[in-house]
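For reference, the structure I am asking about is given below.
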Amino acid sequence: MVLGAILAGCTAPGGPARLEIDRSIQAVSQSSRVSFVVLHYTVADTPRSLEILSRQNVSSHYLITDETPPRVYQLVDESRRAWHAGQSEWYGRSDLNAASIGVEIVNPGPVEGGWAPYSDAQIETLILLLRDVISRHQIHARNVVAHSDIAPQRKQDPGPAFPWKRLAETGIGRWYDESKVAGLKADYQRKGLPPVAVIQEKLRRAGYATPQSGVLDEATRRVLRAFQMHYRPARHDGEPDAETLAILDALP
Ligand SMILES: [Zn+2]
C-alpha cells in the first residue's frame with residue numbers, strides 16, 4: 001500500500017518524469033560563502049599530518065608540506081566545511097569553520113630553545129595559494145587570521161615564527177601603519193598606559209574576543225599574547241606595553 005502510494009506519486013499525471021534544473025541564468029547578486037582564511041601549523045611531520053588531516057576528526061582545505069619543493073594538498077573541497085578552527089570568534093562572528101578556508105603548514109611549532117622557522121619555499125608557496133584563495137573569495141585583509149587570533153585561549157599556531165610582516169609586504173593580510181608607531185609609542189611612554197578596560201576595548205575593536213572585565217586577568221593576557229605573536233613577535237609575553245598599544249592604535 002505504502003509502496004503503491006510512492007509509485008503513484010512518481011507517476012502523477014502531468015508531473016515530471018525526473019527533476020530537471022535549468023542553470024542557464026545566473027544571478028548577478030551573489031558572493032562567496034567564504035569570508036576568512038585561518039592559518040595553522042601542524043606540529044606533526046608530513047606523513048603524520050596527512051594521516052591526521054585526512055583520516056581523523058580534524059581536517060583542513062589545504063596542507064603545505066615541508067618537502068623540497070613544498071607540495072600543496074587539497075584535502076577538502078572549498079565549497080565544503082573543513083574541521084580546523086574549533087570553537088572560535090573573530091569580530092563577534094563565531095564558528096569560523098562555517099565560513100573559512102583552513103590552511104595547515106607542516107611545522108613543528110615550539111621546539112627546544114624557541115620556535116621552528118618556516119622555510120622560504122613554504123612561505124612563497126603559501127603566498128601563491130593565498131593570493132588565489134583571497135581573490136576568488138574576495139576576502140578582507142583583516143580576515144586572514146592565525147588560529148591563535150580566533151581562539152586565543154586555546155591555540156598558539158601558527159606561532160611567533162610565522163612571518164606575517166612578509167605576507168603583508170606582498171599585500172596579504174592586515175598590517176599596521178609603521179610610520180605612526182614611534183610617535184604613538186613615545187606618547188604612551190610619556191603619559192603611561194591606559195586603564196585595562198581601555199586596552200580590552202581596543203583588542204575587541206581589533207577583532208579579538210576579549211574579556212571586558214577591566215582586570216588584567218589570564219584570559220586577557222592570552223589575547224595580548226595572540227596579538228603580539230601576530231604583530232610584534234619579538235616579544236609575546238602577554239604584558240601590555242607602550243609598543244603593543246601603539247601598534248593597536250596604528251591598525252587600519
Ligand atoms: Zn590550528
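Hydrogens, waters and symmetry mates play no part in the numbers below; they use all other heavy atoms, side chains included. We're numbering straight along the sequence, starting at 1. Atoms within each ligand, like the ligands themselves, are counted from 1 in listed order.
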Please tell me whether Ser213 and Gln200 have a donor and an acceptor in their side chains that are separated by less than 3.5 angstrom.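 Yes, because at least one side-chain N or O of Ser213 sits under 3.5 Å from a partner of the opposite role on Gln200.
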
Self-check item: Salt-bridge criterion met for Lys165 and Glu178 (N-O under 4.0 Å)
Solution: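 A salt bridge links Lys165 with Glu178.
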
- Task: Taking the six-membered ring of Tyr91 (Phe, Tyr or Trp), confirm whether the NZ or CZ of Arg142 is under 6.0 Å from its centre and within 45° of its axis.
- Result: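 Verdict for Tyr91: a cation-pi partner in Arg142.
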
Atom nearest to the Zn ion (ligand 1) - His40, N, O or S atoms considered: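 Result: ND1.
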
* Asked: Which is the closest N/O/S atom of Asp157 when seen from the Zn ion (ligand 1)?
  ->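 Checking each N, O and S atom of Asp157, the shortest distance to the Zn ion (ligand 1) belongs to OD2.
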
- prompt: Near the Zn ion (ligand 1), is there an N/O/S atom from His147 that is less than 2.8 Å away?
  reply: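 For His147, the answer is yes, given that an N, O or S atom comes within less than 2.8 Å of the Zn ion (ligand 1).
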
Open item on the list: Could you report the tightest heavy-atom contact between Ile64 and Gln122, atom names first, then the distance?
Closed with: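 What the structure gives for the nearest pair is O-NE2, 4.2 Å.
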
